[in-house]
Chemist: 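This is the structure I have questions about; it appears just below.
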Amino acid sequence: MDLGLTGKTVVVTGGASNIGRAISQEFAREGARVAILDRDAAQTRKTVEEIKGAGGHASGYDLDVTDVDATAATIAAVERDQGAVDVLVNNVGWNGKAEFFLNLPPERWQKAFQLNLFSTLNVTRAVLPGMVDRRGGAIVSIASDAGFGEFRMADYGAMKAGVLAFTRTVALEYGRYGIRANTVAPGLVVPAPDAVGDGSLWSIDIGMGPKEVQNIESRMPLRRRSEAVDIAWSVLFLASDRARQLTGQVMSVSGGFVMPR
Ligand SMILES: NC(=O)c1ccc[n+]([C@@H]2O[C@H](COP(=O)([O-])OP(=O)(O)OC[C@H]3O[C@@H](n4cnc5c(N)ncnc54)[C@H](O)[C@@H]3O)[C@@H](O)[C@H]2O)c1
């Protein structure tokens, strides 16, 4: 199946490391022009060079996606350099160590809000007016299985549930302009060490050792955890015209760990 992504301009937030990196690589492999918006400049350069080395088209933009003015300016720069944005992937997200709700300080809720939910609204707001003018576009936002409610993930899960609701609302309001908005909810994706930079949450200890990973894996019907590329393949499909009749949907890529209804 040809996904028809050749020549499309694709923005991937947090596209330098782990899941975002795989998403960027797979879009580039399909012939898309990929703009990586990430605040880890060194890792962004590395990923851009890897993609170019493989014959793909990618550019990096240094951005903190929680900064409203800088985000608007960066999207304007992307459109000037790469052409109008056809696809937006809201991939930036963050979670801290798993903890019971009463052990989570409000400062951590704030960080979870900024990096998971505020960032998604902010970048979408910068891209959407152009899509409305052009009467088309696809938005894929990365949520999490925790967004359906997960033990010791109260702050993160609440924000990811917000991403789901926001995506459905965008789908409802802007479908009439030919814009589709969907969500991919990854299960656990532990990156290879060379797939992440210092900006990745995996560069510090988040309490996800081999025992924790094995425990999660054993509860997955498919008995294997996801790889970053598994998430990327679902994102590419949802972003493509082959998914033209899909909007407001959520796809859990978790080996069946969660089965959303
Ligand atoms: N890895 C998993 O197991 C898992 C599971 C479920 C959901 N998710 C979600 O998938 C997405 C990607 O996760 P990951 O594991 O690849 O994360 P990661 O931390 O490895 O990578 C995140 C990327 O975003 C960048 N970034 C962070 N804050 C930023 C900011 N303010 N502005 C711009 N760039 C910023 C980082 O530099 C990094 O390149 C997140 O939304 C996460 O919540 C991940």
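In this chain, numbering begins with 1 at the start of the sequence shown. One-based numbering, in listed order, for ligands and for the atoms of each. The figures that follow rest on heavy atoms only: side chains count, while hydrogens, waters and symmetry mates do not.
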Chemist: Where is the nearest protein heavy atom to atom 32 (N) of ligand 1: which residue, which atom, and how far?
Modeler: Val65 N, 3.0 Å
Chemist: Who's the nearest protein heavy-atom neighbour of atom 39 (O) of ligand 1, and how far?
Modeler: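 Sorting protein heavy atoms by distance from atom 39 (O) of ligand 1 puts Asp38 OD2, 2.6 Å first.
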Chemist: Polar-atom distance check: Leu201 versus ligand 1, any N or O pair below 3.5 Å?
Modeler: yes
Chemist: Please list every donor-acceptor pair under 3.5 Å in which a side-chain atom of residues 253-261 meets a protein atom from a residue at least two apart or in another chain.
Modeler:
residue: Ser254; atom: OG; partner: Asp145; partner atom: OD2; Å: 3.3
residue: Ser254; atom: OG; partner: Ser252; partner atom: OG; Å: 2.8
residue: Ser254; atom: OG; partner: Phe257; partner atom: N; Å: 3.3
residue: Ser254; atom: OG; partner: Val258; partner atom: N; Å: 3.4

Chemist: Identify which of Val89, Val190, Leu63 has a heavy atom lying nearest to atom 33 (C) of ligand 1.
Modeler: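 Comparing heavy atoms across Val89, Val190, Leu63, the nearest one to atom 33 (C) of ligand 1 lies in Leu63.
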Chemist: With backbone taken as N, CA, C and O and side chain as the heavy atoms from C-beta onward, which portion of Pro191 lies under 4.0 Å from ligand 1: side chain, backbone, both, or neither?
Modeler: neither
Chemist: Quick test: of every protein heavy atom, which one is nearest to atom 42 (C) of ligand 1, and how far off is it to 0.1 Å?
Modeler: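 Nearest protein contact, heavy atoms only, for atom 42 (C) of ligand 1 is Tyr156 OH, 3.6 Å.
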Chemist: Does any N or O in the side chain of Asn116 come within less than 3.5 Å of the main-chain N or O of Lys160, such that one atom is a donor and the other an acceptor?
Modeler: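 Checked: no pair found.
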Chemist: Could you tell me whether Glu50 and Lys46 make a salt bridge, using a distance below 4.0 angstrom between a side-chain N and a carboxylate O?
Modeler: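 Between Lys46 and Glu50 there is a salt bridge, with a charged N closer than 4.0 Å to a carboxylate O.
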Chemist: Among all the protein's non-hydrogen atoms, which is closest to atom 13 (O) of ligand 1, and how far away is it?
Modeler: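 Among all protein heavy atoms, the one nearest atom 13 (O) of ligand 1 is Ile19 CD1, 3.9 Å.
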Chemist: Look at atom 10 (O) of ligand 1 and say which protein heavy atom is nearest, naming residue and atom and giving the distance to 0.1 Å.
Modeler: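 Checking every protein heavy atom, the shortest distance to atom 10 (O) of ligand 1 gives Ile142 CG2, 3.3 Å.
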Chemist: Apply side-chain contact (heavy atoms from CB on, under 4.5 Å) to the pair Met220 and Arg223, showing each step before the final yes or no.
Modeler: CA-CA 5 Å; Met220 292 175 169; Arg223 297 289 193 275; 5.6 Å; no
Chemist: Does Ala143 have a non-hydrogen atom less than 4.0 Å from ligand 1?
Modeler: yes
Chemist: State, with a plain yes or no, whether a side-chain heavy atom of Leu63 is found less than 4.5 Å away from one of Thr13.
Modeler: no
Chemist: Touching ligand 1 at all, Asn95? Heavy atoms, strictly under 4.0 Å?
Modeler: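 Judged by the 4.0 Å heavy-atom criterion, Asn95 does not count as contacting ligand 1.
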Chemist: Numbering the atoms of ligand 1 from 1, which are under 4.0 Å from a heavy atom of Gly199?
Modeler: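 Selected atoms, number and element: 36 (C), 37 (O).
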Chemist: With atoms numbered from 1 as shown, which atoms in ligand 1 lie under 4.0 angstrom from a non-hydrogen atom of Leu188?
Modeler: 3 (O)
Chemist: Identify the closest protein heavy atom to atom 20 (O) of ligand 1: which residue and atom is it, and at what distance?
Modeler: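 It is Ser200 OG, 2.7 Å.
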Chemist: Tell me, yes or no, whether the heavy-atom count around Arg125 atom CZ, taken from other residues, nucleotides or ligands under 6.0 Å, exceeds 12.
Modeler: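 No, the 6.0 Å shell around CZ holds no more than 12 heavy atoms from other groups.
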Chemist: Considering non-hydrogen atoms of the protein only, which is the closest contact for atom 29 (C) of ligand 1, and what is the distance?
Modeler: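 Sorting protein heavy atoms by distance from atom 29 (C) of ligand 1 puts Arg39 NE, 3.4 Å first.
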Chemist: Please confirm whether Met208 comes under 4.0 Å of ligand 1, counting heavy atoms of the residue only.
Modeler: no
Chemist: For the atom pair NZ (Lys111) and OG1 (Thr66), what is the distance rounded to the nearest 0.5 Å?
Modeler: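 Interatomic distance, Lys111 NZ to Thr66 OG1, rounded to 0.5 Å: 11.0 Å.
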Chemist: Once side-chain hydrogen bond (donor to acceptor under 3.5 Å, both in side chains) is applied, do any residues pair with Asp40, and if so which ones, sequence neighbours excluded?
Modeler: none
Chemist: Any N or O on Ser144 sitting closer than 3.5 Å to an N or O of ligand 1?
Modeler: no
Chemist: Where's the contact between Gln43 and ligand 1, heavy-atom distance under 4.0 Å: side chain, backbone, both or neither?
Modeler: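 It is neither part, as no heavy atom is under 4.0 Å.
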Chemist: For atom 31 (N) of ligand 1, what is the nearest protein heavy atom, given as residue, atom name and distance?
Modeler: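 Result for atom 31 (N) of ligand 1: Asp64 OD1, 2.9 Å.
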Chemist: Please state which part of Asn91 comes within less than 4.0 Å of ligand 1, counting heavy atoms only: side chain, backbone, both or neither.
Modeler: both
Chemist: Using a 3.5 Å cut-off on N or O atoms only, is Val189 in polar contact with ligand 1?
Modeler: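 N/O-N/O distance below 3.5 Å exists for this pair.
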Chemist: Can you label the angle between the Phe101 ring and the Trp109 ring as parallel, tilted or perpendicular, going by 30° and 60°?
Modeler: parallel
Chemist: Between the side chains of Ser200 and Asn18, is a donor N or O closer than 3.5 angstrom to an acceptor N or O?
Modeler: no
Chemist: Taking only heavy atoms of Leu115 into account, list the atoms of ligand 1 that are under 4.0 Å away from them.
Modeler: 28 (N), 31 (N)
Chemist: Report yes or no: do Leu5 and Met1 belong to one cluster of Ile/Leu/Val/Met/Phe/Trp/Tyr joined by side chain heavy-atom distances under 4.5 Å?
Modeler: yes
Chemist: Are any of the N or O atoms of Asp145 closer than 3.5 Å to those of ligand 1?
Modeler: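 By distance alone, the answer is no.
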Chemist: I'd like the name of whichever of Gly187, Gly14, Ala195, Gly93 reaches closest to atom 5 (C) of ligand 1 through any heavy atom.
Modeler: Gly187
Chemist: State whether Arg224 and Asp230 are salt-bridged, where the test is any N-O pair (Lys NZ or Arg NE/NH1/NH2 against Asp/Glu carboxylate O) under 4.0 Å.
Modeler: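 Judged by the 4.0 Å cut-off on N to carboxylate O distance, Arg224 and Asp230 do form a salt bridge.
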Chemist: Taking the side chain from Glu30 and the backbone from Gly4, do they hold a donor-acceptor pair closer than 3.5 Å?
Modeler: no
Chemist: Check whether Asp38 reaches the backbone of Ala16 with its side chain - one donor and one acceptor, N or O, closer than 3.5 Å.
Modeler: yes
